[in-house]
Amino acid sequence: MKMKPRITHRFKVTPKAAAKLQEELKCRLETGRPLEFDEVGLVAGADVSYLRGDERMFAAVSVFTYPDMEPVESRWGSTPVGFPYIPGLLAFREAPALLSVLRRLACEPDVILIDGHGVAHPRGFGIASHIGVLLGVPTVGVAKSVLVGEYVMPARRAGSRAPLVYNGETVGLAVRTRDGVKPVFVSVGNLIDLESAARITLSCCGRYRQPEPIRAAHRLSNVARAGRA
DNA sequence: GCGACAG
DNA sequence: ATCTTGTCGC
């Protein structure tokens, strides 16, 4: 039984309509749910890469066993770019490609780590939340930079965190995944709580800043692009 | 109007 | 995201 979107909608819409869709879909969000780590056996990572003058984007997903982090499945695919990059509307650009690849997965990840934000978003509905709602699967947003909110630099040691606050609310955490590296910004996507999101992210990190599943997906999307398939 | 702004 | 050489640090 593969993952199928339980909710579908058009992605080729006006920016105005896109923002409205986010406001509507936000009602289906289920945050604050502790992740049952004992039942997590598969963790996936997802990312997208582009080719300058090409109309296509290359999405990739890599799945690892948890907590052993052994690779079990990878998938990638190219999709025509159908929406421009607009801060706050990233999902309308990349989600179509990611969903296309995710549904071709033979296995069903228990949680998906996505390159981008979850609720740490202007309307509380970033790409990680969007994909999490459409698929009904726990998701976590792991971004390399801030979209909204403020934070104080966390301690230098791996594992240190500092709240990312937006409109007086803690919408995410600046997490130091390795000693001395720049922090990544973790936020809830869907069907998970912030503490679990931070824990799963940290426990998936090897010797690099980004959690292993996302790194693998990032590399795979780059390989796919290089092959221009 | 000005600056900020995931990938 | 992508375009790019050298360069600082472990």
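Quantities reported herein were computed from a predicted structural model and do not represent experimental measurements.
Nucleic acid contact class of A:G88 (heavy atoms, under 4.0 Å, all strands): base. Residue A:I114 is classed as having no contact, given no heavy-atom separation below 4.0 Å to the nucleic acid. Heavy atoms of A:V146 sit under 4.0 angstrom from primed sugar atoms or phosphate atoms, though from no base atom. A:I127 comes within 4.0 angstrom of a base, heavy atoms only.
Proximity of A:K144 to the phosphate of B:dA6: no side-chain N or O atom is located under 4.0 Å from OP1 or OP2. Neither OP1 nor OP2 of B:dG7 sits under 4.0 Å from any side-chain N or O of A:S49.
The aromatic rings of A:F92 and A:F83 are tilted relative to each other, their planes meeting at an angle between 30° and 60°.
Spacing between atom CG of A:D47 and atom P of B:dG7 amounts to 9 Å, rounded to whole angstrom units. Separating the CG atom of A:L147 from the P atom of B:dG3 is a distance of 19 Å, rounded to the nearest angstrom. B:dA6 atom C1' lies 16 Å from atom CG of A:L113, rounded to whole Å. Regarding A:H218, its NE2 atom lies at a distance of 8 Å from the C1' atom of C:dA1, rounded to whole Å. In this structure, CG of A:D115 is placed 8 Å from C1' of B:dA6, rounded to the nearest angstrom. For the pair A:D179 CG and C:dC10 C1', the computed distance is 13 Å after rounding to whole Å. The OH-C1' distance, from A:Y208 to C:dC10, rounds to 13 Å in whole Å. In this structure, A:L98 atom CG and B:dA6 atom P are separated by 17 Å, rounded to whole Å.
Set against B:dA6, C:dA1, C:dC3, the side chain of A:H117 has B:dA6 as its closest nucleotide.
Side chain of A:R161 to main chain of A:V175: no donor-acceptor pair is present (N/O by atom type, distance under 3.5 Å, no hydrogens or angles).
By the rule that hydrophobic residues join a cluster once side-chain heavy atoms approach within less than 4.5 Å of another member, A:L147 and A:Y151 end up as members of one cluster. Residue A:L35 is grouped with residue A:V140 when hydrophobic side chains (ILVMFWY) are merged at heavy-atom distances under 4.5 angstrom, including chains of intermediate members.
Evaluation of A:Y50 against the base of B:dG7 yields no stacking contact (centre distance < 5.5 Å, interplanar angle < 30° required).
Shown here is A:R104, whose CZ atom has more than 12 heavy atoms of other residues, nucleotides or ligands within 6.0 Å.
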